[in-house]
> 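Just passing along the structure, written as structure tokens.
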Amino acid sequence: MSSAGLSEIYRGYIACLNRQDWANLADFVHDDISYNGNYIGLLGYREMLEGDFRAIPDLHFDIGLLVCEPPRVASRLRFDCTPKGMLFGLPVNGKRVQFSENVFYEFLQGRIHDVWSVIEKAAISAQLERR
């Protein structure tokens, strides 16, 4: 698969997340997906994402940087949101926060098979301390 083709698939995946189109998640995510080195499967991945949207009703994935080197994608996702309660162990409780996630994906058979995510928890903490 070409870099352009992989980029198009990834952008479709992000659009699927932003629509919360769980019925079509399997078009982008492999049944045997692993997250940060742990097998969680498609159902576990979907449950994790649904939980994210419950905790952050205005969650929107915004691609800030995208690098494709098949079969891998590296992306810096930007978030500007208002979580309802705790977020990554921090008491956000309805305050608006901005942060980024650096995430790496490996694709197998045209779908995401492995995800490694690093979220800028320190950026959230710093914003909470200033308030």
> What is the minimum heavy-atom distance between Arg54 and Lys84, and which atoms define it?
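Heavy atoms of Arg54 and Lys84 come nearest at O-CE, 2.9 Å.
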> Does the side-chain contact (heavy atoms from CB on, under 4.5 Å) test come out yes or no for Asn102 and Leu65, once each step is laid out?
CA-CA 9 Å; Asn102 297 308; Leu65 177 66; over 6 Å; no
> Per the salt bridge (charged side-chain N to carboxylate O under 4.0 Å, His left out) rule, what does the pair list look like for residues 18-28, sequence neighbours excluded?
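Of all non-adjacent pairs touching residues 18-28, those that pass salt bridge (charged side-chain N to carboxylate O under 4.0 Å, His left out) are Arg19-Asp21.
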> What's the spacing between Leu90 CG and Lys121 NZ if we round to 0.5 Å?
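So the CG of Leu90 and the NZ of Lys121 are separated by 5.0 Å.
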> Could you give the distance from OG (Ser34) to NE2 (His113), rounded to the nearest 0.5 Å?
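One finds 6.0 Å between OG of Ser34 and NE2 of His113.
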> How many angstroms lie between CG in Leu66 and CD1 in Ile14, if you round to the nearest 0.5 Å?
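Between atom CG of Leu66 and atom CD1 of Ile14 there are 9.0 Å.
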> Hey, does Glu101 have a side-chain heavy atom less than 4.5 Å from the side chain of Glu120?
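SC-SC contact between Glu120 and Glu101 ruled out.
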> According to the salt bridge (charged side-chain N to carboxylate O under 4.0 Å, His left out) rule, which pairs have a member within residues 31-40, sequence neighbours left out?
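Sorted result for residues 31-40: Asp31-Arg111.
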> Tell me whether the rings of Phe53 and Phe61 are parallel (<30°), tilted (30 to 60°) or perpendicular (>60°).
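Judged by the thresholds at 30° and 60°, the geometry between Phe53 and Phe61 is tilted.
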> With sequence neighbours excluded, tell me which residues meet salt bridge (charged side-chain N to carboxylate O under 4.0 Å, His left out) with Glu106.
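So Glu106 forms a salt bridge (charged side-chain N to carboxylate O under 4.0 Å, His left out) with Arg72.
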> Out of curiosity, does Leu43 fall in the hydrophobic cluster containing Ile112 (side-chain heavy atoms, cut-off under 4.5 Å, transitive links)?
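No, because Ile112 and Leu43 fall into different hydrophobic clusters, even though each may have its own neighbours under 4.5 Å.
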> Rounded to the nearest 0.5 Å, how far apart are CG of Leu59 and CG of Leu17?
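So the CG of Leu59 and the CG of Leu17 are separated by 8.5 Å.
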> To check you understand the geometry: which heavy-atom pair defines the closest contact between Asn36 and Ser117, and what is its length?
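Nearest pair, atom of Asn36 first, then Ser117: OD1-N, 2.7 Å.
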> How would you list all residue pairs meeting salt bridge (charged side-chain N to carboxylate O under 4.0 Å, His left out) that involve residues 34-48, not counting sequence neighbours?
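Listed by first then second residue: Arg46-Glu50.
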> Checking Val115 against Phe104 for the side-chain contact (heavy atoms from CB on, under 4.5 Å) test, could you report, in this order, the C-alpha distance in whole Å, the side-chain angles of both residues, the deciding distance, and whether it holds?
CA-CA 6 Å; Val115 179; Phe104 305 90; over 6 Å; no
> Does Phe28 have any side chain to side chain contact (heavy atoms under 4.5 Å, CB included) partners at least two apart in sequence or in another chain, and if so, which?
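Testing Phe28 for side chain to side chain contact (heavy atoms under 4.5 Å, CB included), a comparison that skips the adjacent residues, returns Ile9, Tyr13, Cys16.
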> Measuring from atom CZ of Phe79 to atom CD1 of Ile56, what distance do you get when rounded to the nearest 0.5 angstrom?
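Here the rounded value is 7.5 Å.
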> Does Phe88 belong to the same Ile/Leu/Val/Met/Phe/Trp/Tyr cluster as Trp116, with side-chain heavy atoms less than 4.5 Å apart forming each link?
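No; Trp116 is not reachable from Phe88 via cluster members.
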> Step by step, work out the side-chain contact (heavy atoms from CB on, under 4.5 Å) result for Phe107 and Met1.
CA-CA 10 Å; Phe107 284 71; Met1 176 175 307; 5.9 Å; no
> Indicate yes or no for a side-chain donor-acceptor contact from Ser2 to the backbone of Gly5 under 3.5 Å, with no hydrogens or angles considered.
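Checking the backbone N and O of Gly5 against the side chain of Ser2, a donor-acceptor pair under 3.5 Å is found.
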> Between Ser3 and Cys68, what is the shortest heavy-atom contact and its length?
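That would be OG-O, 3.3 Å.
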> If the condition is side chain to side chain donor-acceptor pair (under 3.5 Å), which residues does Glu69 pass it with, not counting sequence neighbours?
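Glu69 satisfies side chain to side chain donor-acceptor pair (under 3.5 Å) with no residue once adjacent residues are dropped.
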> Hey, mind stepping through Leu77 and Asp62 against side-chain contact (heavy atoms from CB on, under 4.5 Å) and telling me if it holds?
CA-CA 5 Å; Leu77 299 171; Asp62 179 34; over 6 Å; no
> Which heavy-atom pair separates Ile63 from Ser75 by the least distance, and what is that distance?
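Ile63 and Ser75 have their closest heavy atoms at CG2-OG, 4.0 Å.
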> If every non-hydrogen atom of Thr82 is compared with every non-hydrogen atom of Pro57, which pair is closest and at what distance?
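Shortest heavy-atom contact: O-CD, 4.1 Å.
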> May I ask you to test the Met86-Val92 pair for a side-chain heavy-atom distance under 4.5 Å?
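They are not in side-chain contact.
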> Please confirm whether the backbone N or O of Gln98 pairs with a side-chain atom of Gln127, one donor and one acceptor, at under 3.5 Å?
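Checking the backbone N and O of Gln98 against the side chain of Gln127, a donor-acceptor pair under 3.5 Å is found.
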> Would you say Tyr105 and Tyr10 are linked by a side-chain donor-acceptor pair, where the criterion is simply a distance under 3.5 Å?
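The criterion, which ignores hydrogens and geometry beyond distance, is satisfied for Tyr105 and Tyr10.
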> Which distance, rounded to the nearest 0.5 Å, do you find between the CG of Asn38 and the CG of Asp114?
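Spacing of CG (Asn38) from CG (Asp114) equals 11.0 Å.
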> Taking all non-hydrogen atoms of both residues into account, name the closest pair between Arg78 and Ser100 and its distance.
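In terms of heavy atoms, the two residues are closest at CG-OG, 4.0 Å.
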> Are Trp22 and Leu49 packed together at the side-chain level, in the sense that at least one heavy-atom pair is separated by less than 4.5 angstrom?
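The answer is yes, as the side chains (C-beta and beyond) meet within the 4.5 Å cut-off.
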> I want to check something: taking the side chain as every heavy atom from C-beta on, are Ile33 and Ile40 in contact at a cut-off of under 4.5 Å?
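The answer is yes, as the side chains (C-beta and beyond) meet within the 4.5 Å cut-off.
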